[in-house]
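Working notes, structure below.
Owing to the predicted nature of the structure, the values given are computational and were not obtained by experimental measurement. Values below: all heavy atoms of this structure, side chains included; hydrogens, waters and symmetry mates excluded.
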Amino acid sequence: MSEAQKTAGRQDAGPSTVTGVDRFFRITERGSTFGREIRGGFATFFTMAYILVLNPLILGSAKDKFGEQLDPVQLTTATALVAAVMTIIMGVGGNLPLALAAGLGLNAVVAFQLAPLMSWDDAMGLIVLEGLLICVLVVTGLREAVMHAIPQPLKQAISVGIGLFIALIGFVDAGFVTRIPDAANTTVPVQLGSTGTLAGWPMLVFCVGVLLTIGLLARKVRGAILISIVAMTVVALVINALADVKTWGLTTPEWPDRIVDTPDFGLLGQFSLFGAFGQVGVVTVVLLVFTLVLSDFFDTMGTVVGVSAEAGLLDEDGKVPGLGKVLLIDGAAAVAGGAASASSATSYIESAAGVGEGARTGFANLVTGSLFGLALFLTPLLTIVPLQAAAPALVAVGFLMMTQVRHIEWDRYEIAIPAFLTIAVMPFTYSITNGIGAGFLAYVLITTVLGRAKEVHWLLWGTSALFLVYFAIDPIEQLLGV
C-alpha cells in the first residue's frame, strides 16, 4: 500500500477513538475504509435477511413426533437474535466480514428428519450436541481430518441433494406439488396442485414469485431473493384484501395491528441435551448428529474460504487468517442456534455481497449484526409473509445449490453412481440422512469391487458401517429379538 493511501486511511479514521477501532479491526491495513465497511454490512444484511422469513417458514410448518409446532413469532425472534449475536461475535473474534444465521439445509434436517422422530426439545438438543462436537473437532484438529476423509464429489453431491430437497419443500409448502389422497388407486404418488391443475390466487402468487426470483437471479440483482419475498408479500396483501381467498395455509397475509413489538424470547433454552437417545436409540442419534456435522462442515469450509478469497485475505499459502478461531465461532453458533430453537447457525455465502461493496474486516459484521438486532422488534411485520410468497426463495436456493453438480465427473461410474444415489435419495425419501447413507455405502461398495478398498479412509468405513446398521435396523432387531 502506498504512503498516500495510508495517509488517506488515517484521515478517514478521524479522532483517536476511531483510530483505535481502525487498529483493532485493521481497516486501513486491509485497504478498506469505514464507509466501505458500513456499506458492506448493509449489503450483507439485505442479501441474507430472507432467512428471517424462511427459517420460521421451514421450522414452523413441521410437526414433531407429538404433533407440536413451533410458534412463528418466537421463531422469528430466535432467528434474528442468534444471527445478531453470532455475527457480531464473528466480527470481533474472527475479524472477517462473515455473517452467520440459521443454515438452510440444516433447518430442513431439523424440521423433516429430526422432529418427526422426537420432540422439538430433543431435536434442538441434538443441534447443541452437534455444535459442541464441532468445537471439539476444531480444538483437536480433527475437523480437517473428517473433511479430507470424504471424497470431494460426494461433498458436492450432498450439496446438490440438499438443494433438490429444499426445492421440493418449497414446491410442497406452496401447494404446487401435493400428495394424491387415494395414492393406492393411482399410478403416481404426487401431482400438480391439489387437483392436477394449478388454481387459486395463492398459487398465482407462488408462480409469479418463482418467475420474478429467477428473473432477478438471471440479471444478477443483489438481494434478488429478498426483493422477491417483499414484492410478492405486497401482492399477496393486496389480493387478500380484494379477493375472496379461502385459505393461504399457515400464514394469512394481513397487515398487522402494529409493526413494532416486544420480542418474544419464549423458545430460548427450550432444548433437551440427551432426550433424543431415549426416543430413537444411540445408533440413530449418532447418524443424525453426523449428518448435521457433515452439512455444517461443507457449508462452512466452502463459505469461509470462498469469502476470504473474494476479499483477498488468504495468505501466500492460500490459508484463511485465524481459521481456527473462525471455525470455533462457527461451532459455537451451532450451539447457540440449538439453545435458542432457531436450528444450527452457520456462515453465509451471502457475505460475499458485503465483500463486493468493499468490506474487508469484521467491522462490517457490527453493522450486519445490528440490523439483525433491529429486526427483533419487527416480528409482526416479518410474520405476515405467506408461504406462497416465501417458497419461491426455496426453489431459488435449490437452484443455487444444484450448480455444484457440474463439478462431478459423471463419466466415472465409481463416482457418478454414489453421487447420483446421494442426490436422488434425499428428495425421494424426504431425508438428507438417507441420501448421505446411500451415497457412502455405494462408494465403499464400488471402490471395494474395483479392488481399491485401500483408498477408502477408515472414517468412511466406520461411518458406512453405521449407515448399514441404520438401514437394516428392523431385520437386526428382529434377529436379536428386541
Quick one: do M124 and V110 satisfy side-chain contact (heavy atoms from CB on, under 4.5 Å)? Show the steps, please.
CA-CA 8 Å; M124 293 304 171; V110 176; 3.9 Å; yes

Only one of P386, P253, S228 forms a side-chain contact (heavy atoms from CB on, under 4.5 Å) with T233, so which one is it?
P386

Minimum heavy-atom distance between A438 and V425, given as atom pair plus value:
CB-CG2, 4.0 Å

Can you tell me if F277 has over 12 outside heavy atoms packed within less than 6.0 Å of its CZ?
yes

Using modelled atom types and a 3.5 Å cut-off, is there a donor and acceptor pairing between side-chain atoms of Q388 and backbone atoms of M203?
no

Go through it in stages, so that I can follow the logic: the residues are D330 and S347, the test is side-chain hydrogen bond (donor to acceptor under 3.5 Å, both in side chains), and I'd like the CA-CA distance, side-chain angles, deciding distance and then a yes or no.
CA-CA 7 Å; D330 189 83; S347 304; 2.9 Å; yes

Distance (rounded to the nearest 0.5 Å) between L327 CG and I134 CD1:
9.5 Å

Interatomic spacing from OG1 in T422 to CG in L441 - rounded to 0.5 Å
10.0 Å

For the student: nearest non-hydrogen atoms of A340 and A78, plus distance
O-CB, 3.2 Å

Trace of the side-chain contact (heavy atoms from CB on, under 4.5 Å) decision for L117 with L288:
CA-CA 11 Å; L117 302 176; L288 290 173; 4.2 Å; yes

Side chain proximity check, I227 to F46, heavy atoms < 4.5 angstrom
no

Gap separating the OG atom of S341 from the CG atom of D71, nearest 0.5 angstrom
11.5 Å

4.5 Å side-chain heavy-atom contact, F440 and P418
no

Any donor and acceptor pair, going by atom type alone, linking the side chain of T178 with main-chain N or O of G193 inside 3.5 Å?
yes

For I89, is there any backbone N or O sitting under 3.5 Å from a side-chain donor or acceptor partner on N365?
no

Whether over 12 other heavy atoms sit under 6.0 Å from F265 CZ:
yes

What distance do I127 atom CD1 and L273 atom CG have between them, rounded to the nearest 0.5 Å?
12.0 Å

Can you find a pair of side-chain heavy atoms, one from V456 and one from Y443, that are under 4.5 Å apart?
yes

Once you round to the nearest 0.5 Å, how far does CH2 of W201 lie from CG of N240?
12.0 Å

Could you tell me whether a side-chain N or O of S351 sits under 3.5 Å from a main-chain N or O of Y348, the two making a donor and an acceptor?
yes

Hey, does the side chain of D121 reach the backbone of S272 with a donor-acceptor pair shorter than 3.5 angstrom?
no

C135 and A332: which non-hydrogen atoms are nearest, and at how many Å?
SG-N, 3.6 Å

Do D261 and V73 touch side chain to side chain, with heavy atoms closer than 4.5 Å?
no

Looking only at heavy atoms, the pair that brings A80 and L376 closest together is CB-CD2, 3.8 Å

Side chains of F471 and N434, heavy atoms from C-beta outward: is any pair under 4.5 Å?
yes

Per the side-chain hydrogen bond (donor to acceptor under 3.5 Å, both in side chains) rule, what does the pair list look like for residues 99-116, sequence neighbours excluded?
N55-N107, Q113-S431

Find out whether E130 and S344 are in side-chain contact, i.e. whether some heavy atom of one side chain is under 4.5 Å from a heavy atom of the other.
yes

If you take all heavy atoms of V335 and G131, which pair is closest and at what distance?
CG2-C, 3.5 Å

Would D264 and T379 count as a side-chain contact (heavy atoms from CB on, under 4.5 Å) if you check the C-alpha gap in whole Å, the side-chain angles of each, and the deciding distance to 0.1 Å?
CA-CA 9 Å; D264 187 342; T379 49; over 6 Å; no

side-chain contact (heavy atoms from CB on, under 4.5 Å) test vs L292 passes for just one of L287, L129, L133, V109, namely V109

Take L164 and M426, measure what side-chain contact (heavy atoms from CB on, under 4.5 Å) needs, and give me the verdict at the end.
CA-CA 8 Å; L164 285 180; M426 283 188 195; over 6 Å; no

Can you say whether the rings of F171 and F176 are parallel (under 30°), tilted (30 to 60°) or perpendicular (over 60°)?
tilted

Please report the closest heavy-atom contact between F271 and A339, naming both atoms and the distance.
CD2-CA, 3.6 Å

Gap between atom CD1 of I229 and atom OG1 of T213 - 0.5 Å precision:
7.5 Å

Should we count CZ of F399 as having more than 12 external heavy atoms under 6.0 Å?
no

Are side-chain heavy atoms of L211 and I214 found at a separation under 4.5 Å?
yes

Any side-chain heavy-atom pair from L57 and Y50 closer than 4.5 angstrom?
no

For A84, does its backbone N or O pair with a side-chain atom of T87 as donor and acceptor, under 3.5 Å?
no

